[in-house]
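As the structure is a prediction and not an experimental result, all values here were calculated from the model. Reminder, nothing fancy here: chain letters follow the sequence lines and each chain counts from 1.
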2 protein chains.
Amino acid sequence: MKAPLMTLKVEPIIANTSYQAVFRQLESAILRGDLAMGEPIPTEAGLCDMFHVKRTTVREGIRLLEQSGLVTRGSGRRLIVSAPDARRSSENFIRAATLNRVTLQDLWQVERELEALACRLACEIITPAQLDQLAQNIAQTEQQRHDAKAVIRLDMEFHRLITDAAGNRALAVARDPLGILLYASTDFVVTRLEQATERMIAAHRRVYGAIRANDPEQAVIWMTKHMDDFKRGCIMAGANFDDPIANFVDHDTLAKLLNQKTRAI
Amino acid sequence: MKAPLMTLKVEPIIANTSYQAVFRQLESAILRGDLAMGEPIPTEAGLCDMFHVKRTTVREGIRLLEQSGLVTRGSGRRLIVSAPDARRSSENFIRAATLNRVTLQDLWQVERELEALACRLACEIITPAQLDQLAQNIAQTEQQRHDAKAVIRLDMEFHRLITDAAGNRALAVARDPLGILLYASTDFVVTRLEQATERMIAAHRRVYGAIRANDPEQAVIWMTKHMDDFKRGCIMAGANFDDPIANFVDHDTLAKLLNQKTRAI
DNA sequence: CATTGACTGTTTGTCAGACAAAGATATAGA
DNA sequence: TCTATATCTTTGTCTGACAAACAGTCAATG
């Protein structure tokens, strides 16, 4: 009697609420380009008229829009249409990774590959200005080699500079959160192993040299060594690579890293 | 006169609203584990008491939480705490990629690398059951080789199966949206080039064989060939790889792909 | 003339209270 | 014990209101 119902293939009923409908329509309008980037969205009162719902409903829909990064707060109160930035993607990824028990190993494996790709791509198209930035980064790292926090920050920046130089926006979006999460758990490595910093600087110099010389193979080789070194350092410092990242990163650290300079992709 | 002000480094003032504060606190509670996964969040009335704000404010905060994927609708009306799933990450990435003018080339370069990584990782730990699924997928593709839509779907599934078999959650989250976007623009390749499907099937068979034989190198080689083939096919079919993906994918197609089977990560 | 300051209307953020409908729970009847 | 009904909770939406922040105008001031 009941059995047939179990075998019946049905789609779950999606109870669409009004505020979700408001969100979907505004989302479509933005993706379609009907709401121009940089322009403010209509006023709440205006949206009320358009959708024939009350302000409370409109506002709840706008909150969904806000959190998805399709509108941001400009100087005034009005919300202006904008493209979701890397920071928001990173936030999303970090939340998902933390709660889904992603391990340090998981992150590292992917990051290792993407860094290599970034090196390869960067070789061909890196600009002199970007090369300068890399050189400057290395110089700063050498100067502040005894300031663990500064070293971590500069290491993150080094990798981010290479990713930027690769000129691949998809890569930038994909790698950013990995880098943030991975390096958020680096501090104990740098602080506990004196040589770690020195090895890091040496590796950075090699990678820089290879990219400058437009030698993708060498760049990839050294970057990979650098990443392997990183893992070895973590393990020597007592990290279990199969532990979920939530074990390594406290939320304060993460929040600070996330709120660092945001780069438009 | 004005110059000094321009050089003064100041941070823009962020006017924190109450509903954002509600969101942040609930977010923290979830990430910290104070609100257990699978449990419903407190009722709106309860939250009003806790935060000393009115229901409208609480509700707007909850909308932010909802859109970030930290709560989902269960069977009832109550919102239950949950980890953001791959689908949500994909939605976010797709929005960001579309609006930031990510090109087909960008996507393809990253996807190519991640597919290779997935193959390498899958070799070591793939289960017999997962191998069976791959074999079954290939068989189905052969059967339905003349149904373009089915072929695309099965191709997507093939790559997803390999990613799953790689057992790396970070990889899964990173690759999923790339796959969706990339294959959302494949249909014209398959429909215009008769041989495309045949070459695809052949490549899939090779990759499957290599993974089954636990031969990472061969698996990567064939997967890479497969990806290169894909690009060549697109270009032969008239696609300009440097065009933003928005040019290739219409929103309806995308919506359908996104609403396909969601897999928990 | 450029700047400042006050005035005005608009828009947003928050509050207060209300009600219908959908779920959840309890209660009575088989 | 199980089922069906009644009752209570909770959510989604509406109504109306108000203070604070913002944009614009326009006169006063140096």
Side-chain angles (χ1 to χ4, degrees), chain A residues 1-2 5 10-26 35-36 38-82, chain B residues 1-6 8 10-27 30 35-36 38-82:
Chain A
M1 287 204 170
K2 296 174 194 168
L5 284 179
V10 295
E11 290 182 2
I13 293 172
I14 316 162
N16 278 326
T17 59
S18 300
Y19 66 82
Q20 285 171 334
V22 169
F23 165 64
R24 295 249 167 265
Q25 291 219 30
L26 289 177
L35 285 175
E39 295 290 305
I41 60 175
T43 67
E44 294 175 358
L47 293 172
C48 292
D49 292 342
M50 294 165 58
F51 290 115
H52 296 288
V53 292
K54 291 303 158 188
R55 228 180 109 214
T56 47
T57 306
V58 162
R59 281 177 64 81
E60 291 186 33
I62 291 180
R63 293 306 146 246
L64 298 182
L65 209 60
E66 187 179 0
Q67 186 60 17
S68 67
L70 292 172
V71 295
T72 48
R73 297 177 176 284
S75 61
R77 297 196 139 192
R78 300 289 293 274
L79 291 172
I80 61 179
V81 179
S82 57
Chain B
M1 288 211 167
K2 299 176 196 167
L5 285 178
M6 302 306 285
L8 191 60
V10 294
E11 290 181 3
I13 292 172
I14 318 161
N16 279 325
T17 60
S18 300
Y19 66 81
Q20 284 170 334
V22 169
F23 164 64
R24 296 248 166 265
Q25 291 218 31
L26 289 177
E27 181 194 26
I30 293 174
L35 285 175
E39 295 291 306
I41 59 175
T43 66
E44 294 175 359
L47 292 171
C48 291
D49 291 343
M50 295 165 56
F51 290 115
H52 296 289
V53 291
K54 289 301 156 189
R55 232 181 106 213
T56 46
T57 307
V58 162
R59 280 177 66 80
E60 291 186 31
I62 291 179
R63 293 305 146 246
L64 297 181
L65 208 61
E66 187 179 0
Q67 185 61 20
S68 67
L70 292 172
V71 295
T72 48
R73 296 173 178 285
S75 61
R77 297 196 140 192
R78 300 289 293 274
L79 291 172
I80 61 179
V81 178
S82 57

What are the two closest heavy atoms between Val22(A) and Val58(A), and how far apart are they?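 That would be CG1-O, 4.3 Å.
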
Considering all heavy atoms, the nearest Ser68(B)-Phe23(B) contact: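 Residues Ser68(B) and Phe23(B), closest heavy atoms: OG-CE1, 3.8 Å.
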
What integer distance in Å separates [X]:[atom1] from [N]:[atom2]?
X        : N       : atom1 : atom2 : answer
Phe23(A) : dG12(D) : CZ    : C1'   : 18 Å
Gln20(B) : dT12(C) : CD    : P     : 15 Å
Glu60(B) : dT14(C) : CD    : P     : 7 Å
His52(B) : dC15(C) : NE2   : C1'   : 15 Å
Glu66(A) : dG13(C) : CD    : P     : 8 Å

Check whether any side-chain N or O of [X] sits under 4.0 Å from OP1 or OP2 of [N], and answer yes or no.
X        : N       : value
Thr17(B) : dG13(C) : no
Arg59(B) : dT11(D) : no
Thr56(B) : dG13(C) : no
Lys54(B) : dA16(C) : yes
Arg78(B) : dT11(D) : yes

Ignoring hydrogens and angles, are the base of dG17(C) and the side chain of Arg55(B) linked by a donor-acceptor pair under 3.5 Å?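 A donor-acceptor contact between them is absent.
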
Between the side chains of Arg63(A) and Glu60(A), is the shortest nitrogen-to-carboxylate-oxygen separation below 4.0 Å, so that they form an ion pair?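 Between Arg63(A) and Glu60(A) there is no salt bridge, as every charged N stays at least 4.0 Å from the carboxylate O atoms.
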
Nucleotide of [options] approaching [X] most closely (side-chain heavy atoms):
X        : options                   : answer
Ser18(B) : dT14(C), dG13(C), dG12(D) : dT14(C)
Val53(A) : dC14(D), dT14(C), dG12(D) : dC14(D)
Arg77(B) : dA21(C), dG13(C), dA18(C) : dA21(C)

Just do the side chain to side chain donor-acceptor pair (under 3.5 Å) check on Ser18(B) and Thr57(B) with the steps written out, would you? CA-CA 7 Å; Ser18(B) 300; Thr57(B) 307; 5.8 Å; no

